[in-house]
Asks: 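I'd like to ask you about the structure that follows.
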Amino acid sequence: MQGEKFYITTPIYYPSDKLHIGHSYCTVAADAMARYKRLRGYDVMFLTGSDEHGQKIERIATSQNVTPKQYVDKIVSGIKELWSSLDISYDKFIRTTDEQHVEAIKKIFKTLYDKGDIYKSEYEGWYCTPCETFFTEHQLVDGKCPDCGRDVEKLKEESYFFRLSKYQDRLIKHIEDNPGFISPASRQTEMLSNFLRPGLDDLCVSRTSFKWGIPVDFDPGHIVYVWVDALSNYITALGYDTDNDELFKKYWPADVHLVGKEIVRFHTIIWPAMLMALDLPLPKKVFGHGWLIIDGGKMSKSKGNVVDPKVLVDKYGLDAIRYFLLREVAFGQDGNFTNEALIQRINSDLANDLGNLVSRTVGMIEKYFGNTLPSQQDSTEFDLSLIETAAATVEKFEGYMDRMLFSDALSELWVLIRRTNKYIDETQPWVLCKDEEKQSMLAGALYNVSESIRIISIMIQPFMTHAPKLIWQQFNITDPSLTEWDSIKKWGLLAHDLSVTKGDIIFPRIDMKKELAELEAALKVAQSESIANQTSKKAEEEKEVFEEITIDDFCKVQLVTGEVIASEPVKGSKKLLKNTVKLDDETRTILSGIAKYYTPVEMVGKKVIVVANLAPRKMMGEISHGMILCAEDVDGNLSLATDDKQFESGCEIR
Ligand code: MSP
């Protein structure tokens, strides 16, 4: 493994004004893996970056009166600052606005077009701008985006398509032949049964209705679909198809793409199919981790429940936060984030178990031997069990880390930490110290504890970036051979006459009750700042994105007054009401997503304003003939629009 390459990637992040602890989770995990592999002697390439194109960014930038590039430049520097405050040791940060990436995407698109894997046609369907994803009618849920629940837009554009369907059988075969390709296994089953086996449609890979993206070289009115642009970052960052492609030759294929569960399908269907079309080898593994959730739901800025990693790091220190993220939740599954669980872990695992082990050992060496252990040492009857536990822990820890089971690896390491604390209780240095004849046994016991701490401090390095050095300072460990990975496989490397220097407590205990109140307040301040930001941005966005229209454009919309004469819920939908609305001399069925705000009983008798000439639209198996207008506030609450004087049904509105 010495010198063997290891290429690991995180997703490239959308430049949003605040990345939260959920985003940090993925990057901290990738960082732990990169650090672990480096410690094991691998030649690591750890890539992260930012995904900067698309309609969403264009709209936000317009609303802020800046160019998209000015907008992303500012946000990306914030992302880099966050990664630096979390000690993320990436080797390369790619921006999809980098010249090298832009040029490479143009070439990739052209290559696929020349090979016949991309062709021109017309796209008609739905698009969710926040998710930058196309959907067919039947994929929508209650007429909304099935992923984020927000409104989708109808698109009809001349577009280029990628022949995704052509690769369906090869993809299925690859996944079946390589059981480790998608991890955990449950995500493999999901991809096969929900997407691949039901059949793949060709994928729309260009847009013409906005400008912020990479133009198709040979047809510049078209912008390359953001996911084609984004996924390719994994090869363009390495200089694929340039004169400077040494990194690509060295590191591709990736050893692991680490991604959140909701984007596994882009990475295990679209991306491998693109690679097959380009005749490139596929990544060895796509690992889909779960979400950090709060109160049963994914953290999101619009819900106002995001947890700011900077607040946590400032309060408890980086090591505690990195440890908590990877210890608390089994990697691959969703995990609830709570302040109580965080403080509990800090107190029990870090302050009580690890911190206390270090400080009591240093304290005893100082107290009983005035800083330096005598070389004259004897064994105790408990030594063998401690040494065996250390060897077993190392073996299991490596096994778990190799499979990216971070929580299991840490739990195994804590077996050794607790065993070492127990060894102190068994050997009872405070009793041995009283017996003149047992001084060498006391020295031997404290040596063994110190040796165990040395091994622990090496294994903890992928997770903690400060504590190992603080421990080495206290034990005066300066020789690099005593902190390299393979040294954990040998017992007894520390000098027997080791000396210690007392330092600060590494993990202070926290008063749970007092701290919970303070932490909640600190996080609330951060959240409300983020919501205020978000709210004013949303208001600006919505105010600004509309183009000016002429009176003729406006007159194309037939607005009339109507009265709801019957209303009922739509079967299988929590959002929709099916209303019977009387217009002048006709009644219409009009579906409306207002069930959260009005009951059917409240609807009956309401005078409403209807868009009467809207093309009929099918939702949840029912056809809606028109639209009832509502006002929507910044929190998404709806209020029916009505006419002040309650005119007869069927009056025109101008
Ligand atoms: N830009 C795309 C990725 C393109 S990769 C070619 C994207 N960006 S994102 O910023 O929305 O998300 C980045 C990563 O953060 C995703 O893997 C996503 O799953 C992860 N997380 C965002 N919120 C999360 C949690 N609450 N918990 C865990 N991970 C979460 O998707």
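Worth saying up front: this structure is predicted, and the values here are computed from it rather than measured. In listed order, ligands and their atoms are each counted from 1.
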Asks: So does D43 pair up with K5, basic N to acidic O under 4.0 Å?
Replies: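 No, D43 and K5 are not salt-bridged.
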Asks: Considering distance alone, does some N or O of I12 sit under 3.5 Å from an N or O of ligand 1?
Replies: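 By distance alone, the answer is yes.
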Asks: Decide whether the shortest distance between a heavy atom of Y234 and an atom of ligand 1 is less than 4.0 Å.
Replies: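 Yes, Y234 has heavy atoms under 4.0 Å from ligand 1.
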Asks: If the cut-off is 4.0 Å to any non-hydrogen atom of Y13, which atoms of ligand 1 fall inside it?
Replies: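 Listed by number with element, the hits are 10 (O), 13 (C), 14 (C), 15 (O).
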Asks: Give yes or no for whether the N/O distance cutoff of 3.5 Å, strictly under, is met between V259 and ligand 1.
Replies: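 It does not: no N or O of V259 is found under 3.5 Å from an N or O of ligand 1.
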Asks: Check each atom of ligand 1 against the heavy atoms of I263 and keep those under 4.0 Å away; list them by number with element.
Replies: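 Contacts of ligand 1 toward I263, numbered from 1: 3 (C), 16 (C), 17 (O), 31 (O).
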Asks: Please check whether N233 reaches ligand 1 - meaning an N/O of the residue sits under 3.5 Å from an N/O of the ligand, judged on distance alone.
Replies: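 Between N233 and ligand 1 (N or O atoms, distance only) the closest approach is not under 3.5 Å.
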Asks: For R265, is there an ion pair with D147 - N to carboxylate O distance below 4.0 angstrom?
Replies: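 Answer for the salt bridge query: yes.
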Asks: Answer yes or no: is there an ion pair linking R35 with D87, defined by an N-O contact shorter than 4.0 Å?
Replies: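 A salt bridge is absent here (no side-chain N lies under 4.0 Å from a carboxylate O).
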Asks: Ignoring hydrogens and angles, state whether a donor on the side chain of S209 or E157 is under 3.5 Å from an acceptor on the partner side chain.
Replies: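 Yes, side-chain donor-acceptor contact under 3.5 Å.
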Asks: Check each atom of ligand 1 against the heavy atoms of H20 and keep those under 4.0 Å away; list them by number with element.
Replies: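 Heavy-atom distances to H20 below 4.0 Å select 23 (N), 24 (C), 26 (N).
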Asks: Using a strict cut-off of less than 4.0 Å between a Lys/Arg side-chain nitrogen and an Asp/Glu carboxylate oxygen, indicate whether D169 and K173 qualify as a salt bridge.
Replies: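 The answer is no: the pair does not qualify as a salt bridge.
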Asks: Taking only non-hydrogen atoms of W227, do any sit less than 4.0 angstrom from ligand 1?
Replies: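 Contact present.
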Asks: Numbering the atoms of ligand 1 from 1, which are under 4.0 Å from a heavy atom of G290?
Replies: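 Within the 4.0 Å cut-off of G290, ligand 1 contributes 28 (C).
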Asks: Are any of the N/O atoms on L231, whether in the backbone or the side chain, positioned under 3.5 angstrom from an N/O atom of ligand 1?
Replies: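 No.
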Asks: Under 4.0 Å between a side-chain nitrogen and a carboxylate oxygen: does that hold for D408 and R403?
Replies: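 R403 and D408: not salt-bridged.
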Asks: Distance alone, cut at 3.5 Å: any donor-acceptor contact between the side chains of W212 and Q55?
Replies: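 No.
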Asks: Pull out every atom of ligand 1 sitting under 4.0 Å from any heavy atom of A230, numbered as shown with elements.
Replies: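 Result: 6 (C).
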Asks: Which atoms of ligand 1 sit under 4.0 Å from any heavy atom of H289?
Replies: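 So the atoms of ligand 1 that pass are 28 (C), 29 (N).
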Asks: Between the side chains of Y13 and T27, does any donor sit under 3.5 Å from an acceptor?
Replies: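 Looking only at side-chain atoms, T27 and Y13 do form a donor-acceptor pair, the distance falling under 3.5 Å.
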Asks: Which atoms of ligand 1 have any heavy atom of P11 under 4.0 Å away?
Replies: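 Those qualifying, in numeric order: 3 (C), 5 (S), 14 (C), 16 (C), 17 (O).
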Asks: With respect to D51, determine whether any N or O atom, backbone or side chain, lies less than 3.5 Å from an N or O atom of ligand 1.
Replies: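 The answer is yes, given that D51 and ligand 1 share an N or O pair closer than 3.5 Å.
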Asks: Can you see whether Y316 has R345 sitting over its ring - NZ or CZ less than 6.0 Å from the centre and within 45° of the normal?
Replies: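 No cation-pi geometry.
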